[in-house]
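Just so we're on the same page: letters track the sequence lines, and every chain starts at 1.
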Amino acid sequence: MLSVESMEYNPKEIEPKWQKTWADAKAFEARDDSPKPKYYCLIEFPYPSGDGLHAGHVRSNTAMDVVARKRRAEGYEVLYPIGWDAFGLPTENYAIKTGKKPALVTKENTDTFRRQLQALGFSFDWSREVNTTDPSYYRWTQWIFLELHKAGLAYKAKMEINWCPKDKIGLANEEVVDGCCERCGTKVEKREKEQWMLAITKYADRLEKDLDTVDYLEKIKAQQRNWIGKSDGLLFSSPVKDTDIVIETFSAHFEAFCADTFVVIAPNHPLLPRLLDGVSNKEEILAEAKAITERRSAAGHAEIKEVEGVFTGRYIVDPVGNGELPIWIANYALAEYGTGIVKCSAHDERDFAFAKKYNIPLKPVLFPSLPEERTRVENREVCYSDMEQGILSEPADFAGKTAGQSRDAISAYAVEKGLAKKKITYKLRDWVFSRQRYWGEPIPMIHCEKCDWVPVPLTDLPVTLPDVENYQPTDTGESPLAAITEWVNTICPSCKGPARRETDTMPNWAGSSWYYLRYVDPKNDQVFCDPKKLAYWSGANEKLSTINYKLQNAGPVDWYNGGMEHTTLHLLYSRFWHKFLFDQGHVPTSEPYAKRTSHGLILADGGVKMSKSKGNVVNPDAIVLQFGADSLRVYEMFMGPFDQAIAWNTDGLVGARRFLERAWRAALRVDKEAEPSSALLVLANQTIEKVSHDIEELKMNTAVAALMILLRDIEKEERVALFPLETLIRLLAPFAPHIAEELWEKIGHSEPLYRSHWPKADSSKLELSLLTIAVQVNGKVRDTLSVPRTISEEEVRALALGRDSVKRWLEGKEPKKIVYVPGRLLSIVAE
RNA sequence: GCCGAGGUGAUGAAAUUGGUAGACAUAGGGGACUUAAAAUCCCCAGGGACGUUAAACUCCCAUGUGGGUUCGAUUCCCACCCUCGGCACCA
């Protein structure tokens, strides 16, 4: 006889029990030699911050856990790994404050995270845990860097970088938000510094184009495209009068090129001094250019309110026949986009404003169709820039046509006449890869006076971080590593002379750019990943023989979920590294992730961001203690659409817990002799279809709702029959795995549920024998009919027209038209 | 300004290709059980109107706003307003 106590739902008891069972059985460890088809689910590995796990982690981890558990039940070999993206500033800053070694802090934090994640019952393969700060891991991060270097994609360049004076660190463009440091909000300064750069721009076209080959949410693709900023147009070459200089200008809106009347050049353009050679007031102009650059810099990245500039005294001889055009220095011209020099006309807002301010002649050639508006454009009163609908007056071949319809022809015309070349430009910049901090992967390069930069030999990898007493970064912009002379001073691998190590470290995006590959073979000390294992997990065994860019698909990851905040950082960087590794023949696929989805943020009660300072952070430990892991999981799946930001509401958790309690009680009432009603049989089969489908679409909220409905109808029956109950438990298992296992055992199964299969709906039992048909009269529902499924249209018509309510609304009129939607409704029109 | 996603009860939300708007849940109201409370179970619940002791019943209005297409629009089309996310002197 069971004691009363064990009859009650007690998550504190059953959750640790099943977590231990799964761990002991190595239930979720993936095999590399499995005969089954593979499926690789990935979540972004967490940064193990001192704050511990938060509600947002739970949301995305649970969603992918649901997918992973469903896939296993469907017969796949599933890889659902976990690890730690543990290099980074917060840990280092904590070390600076407390003097505690970052490695030790990381150890403590990962221990906390591991415990918290395990308490939630995620089906991670813990045997493949990786940590980016582990030398056996970052050895391969360094190796990839050296591969990039060997291929000429890593280079050192003196350049203006974004410098955060508070964090004392150089930032990538992607890490600057509104001219401020993404992390601390401090206004970013510009500094000249020698930095390691990665030539991601060499991959711009493929990063853009190959988005067509992967299944990412449309908004993710849109953001990446936006960031890459592809723009195709024409490149014009123009000789500068009285010099031997030929300048190039890029134009994406070239349709109105006949309107060009002047040229602007960026105030910090490297060509400027040469251009001004021989101009009488050269120094004066250069000084003004410098002043303009500084004013612009001071304004930050915010929009420049007022255009300003200065005439250079030089002219180009326009190749397209607009005569001699003056070259101006203008504050709105960017040295780093296009060629840094632009031909300007009346058909651009800024050009127009600039010309007005400095009385530069304008010559409109593009006009609106309305006569009075046309006059205003002709009189140069307004700027007109509609490159779609605007009507051209020049060149003569295109006069009277719209710019939009002529674009391609004009491009061809200009190229044919030798006036310009086709050109594609990108907004994407090369990736600043150096950080002047301690807690990152050392860049494995050695500088020798004689040999310049020499890579560390592969046999010497990893270059490990030395023990340091002081992690404080310096204002000089040097990494704390620079102070460790015994580490810095080394010998040149090439000439054996004295040399110095690179003291900058890699950005925290380095380790996360390839971690999904290491999960495939996390302990390998010969290569970053065994090609055979990678072939299996890429589903590419048979493809390996034909490494051909066009034929390759995406992988190894089948489904990757993560945050939108990583779309232009991590996601783009890792696609770049993967493509590079593919080109080097190290991976069999050209894209790393077949499918990418994203979760919405979980906000605090009231819709504001959760933050420690506001004290509104939800701690999963406390929730697990009070409600149980299963309730938390179900609640986070049920709370709303997965990809949408949503506010936490502890009241909502009550509903999830109540649902599980009811399922528990229903299961204990199981009666193996009982037969379910035919309606319940149909509902159970429909629920299988609904839940299976919804999980694939990440519509977890409606999947849970469907389970609640099934439970409600199970409860309604006098006796709890086995089939509907087992269906409920199986479908519930991915969401609330502990209670599902426990109930499965309680109703008499000796084989655990995690080894069981996913249910399949019986297609003959998906429909009720009776259905309800709505009857509309003149577009409004006036009656409903309950009819057998097999009923014919004629019978429905006759039945409906015989009803009193229908007769009443027809008011004696003859139906003009009757529309019948089989099984749904009958619409009678009499007006 | 450009790109993307949205706007539905008190609240989170749901609604295959256009086909009975508001499933499911929370909060709320009422009832049962209880000495009582909690828990649990049952019922009600978009707004309004007629009407009635009360209810059933019936009708009208209602998915950001205004138009359109249609027998029928939360869904499709046009215009506009608002919110959120991203980008932005990018030529």
Measuring only the P atom in each nucleotide, how far is B:U26 from B:C82? A whole number of Å is fine.
37 Å

Of B:C24, B:A27, B:C90, the nucleotide closest to the side chain of A:Arg429 is B:C90

Notebook entry, point to check: Is there a side-chain contact (heavy atoms from CB on, under 4.5 Å) between A:Leu653 and A:Ile623 once you walk through the steps?
Noted result: CA-CA 9 Å; A:Leu653 257 165; A:Ile623 304 292; 3.6 Å; yes

Checklist line | Rounded distance in Å between the C1' positions of B:G18 and B:U75 | finding: 6 Å

**Study point:** B:G19 versus B:G12 - spacing of their C1' atoms, nearest Å
**Key:** 27 Å

On a whole-Å scale, what distance lies between the C1' atoms belonging to B:A32 and B:U16? 41 Å

Picking from B:U20, B:A91, B:C24, the nucleotide nearest the side-chain atoms of A:Ala333 would be B:A91

Please tabulate, one pair per line, each protein N/O and nucleotide N/O from nucleotides 44-49 of chain B that are separated by under 3.5 Å, including the distance.
none

_Rounded C1' spacing from B:C90 to B:G86 in Å_ = 16 Å

Query raised in the report: Using 4.0 Å as the upper bound for N to carboxylate O, is an ion pair formed by A:Lys343 and A:Asp318?
Result: yes

Which of B:U20, B:C24, B:A88 is nearest the side chain of A:Ile709? It is B:C24

* A:Glu255 bridged to A:Arg407 by N-O distance under 4.0 Å -> yes

On a whole-Å scale, what distance lies between the P atoms belonging to B:C60 and B:C50?
15 Å

Please report the distance separating the P of B:G22 from the corresponding atom of B:C57, rounded so that it comes out in whole Å.
15 Å

Please report whether the ring centroid of A:Trp328 lies less than 6.0 Å from that of A:Phe262. no

Separation of B:C3 atom C1' from A:Leu217 atom CG, nearest Å, is 16 Å

Rounded to whole Å, the CZ-P distance (A:Arg657 to B:A25) equals 17 Å

Taking for A:Ile773 and for A:Glu715 the nucleotide of RNA chain B with the nearest heavy atom, the one nearer the 5' end belongs to A:Ile773

- Item | Nearest-angstrom distance, C1' atom, B:G7 to B:C43 | 33 Å

Testing B:G19, B:C90, B:C41 for proximity to the side chain of A:Val819, the answer is B:G19

Could you run down the sub-3.5 Å N/O contacts of the protein with nucleotides 12-16 of chain B?
from: B:G12; atom 1: O2'; to: A:Met639; atom 2: O; distance (Å): 2.4
from: B:A13; atom 1: OP1; to: A:Gln644; atom 2: NE2; distance (Å): 2.6
from: B:A14; atom 1: OP1; to: A:Asn701; atom 2: ND2; distance (Å): 3.0

Residues A:Glu308 and A:Arg295 bridged, charged N to O under 4.0 Å: yes

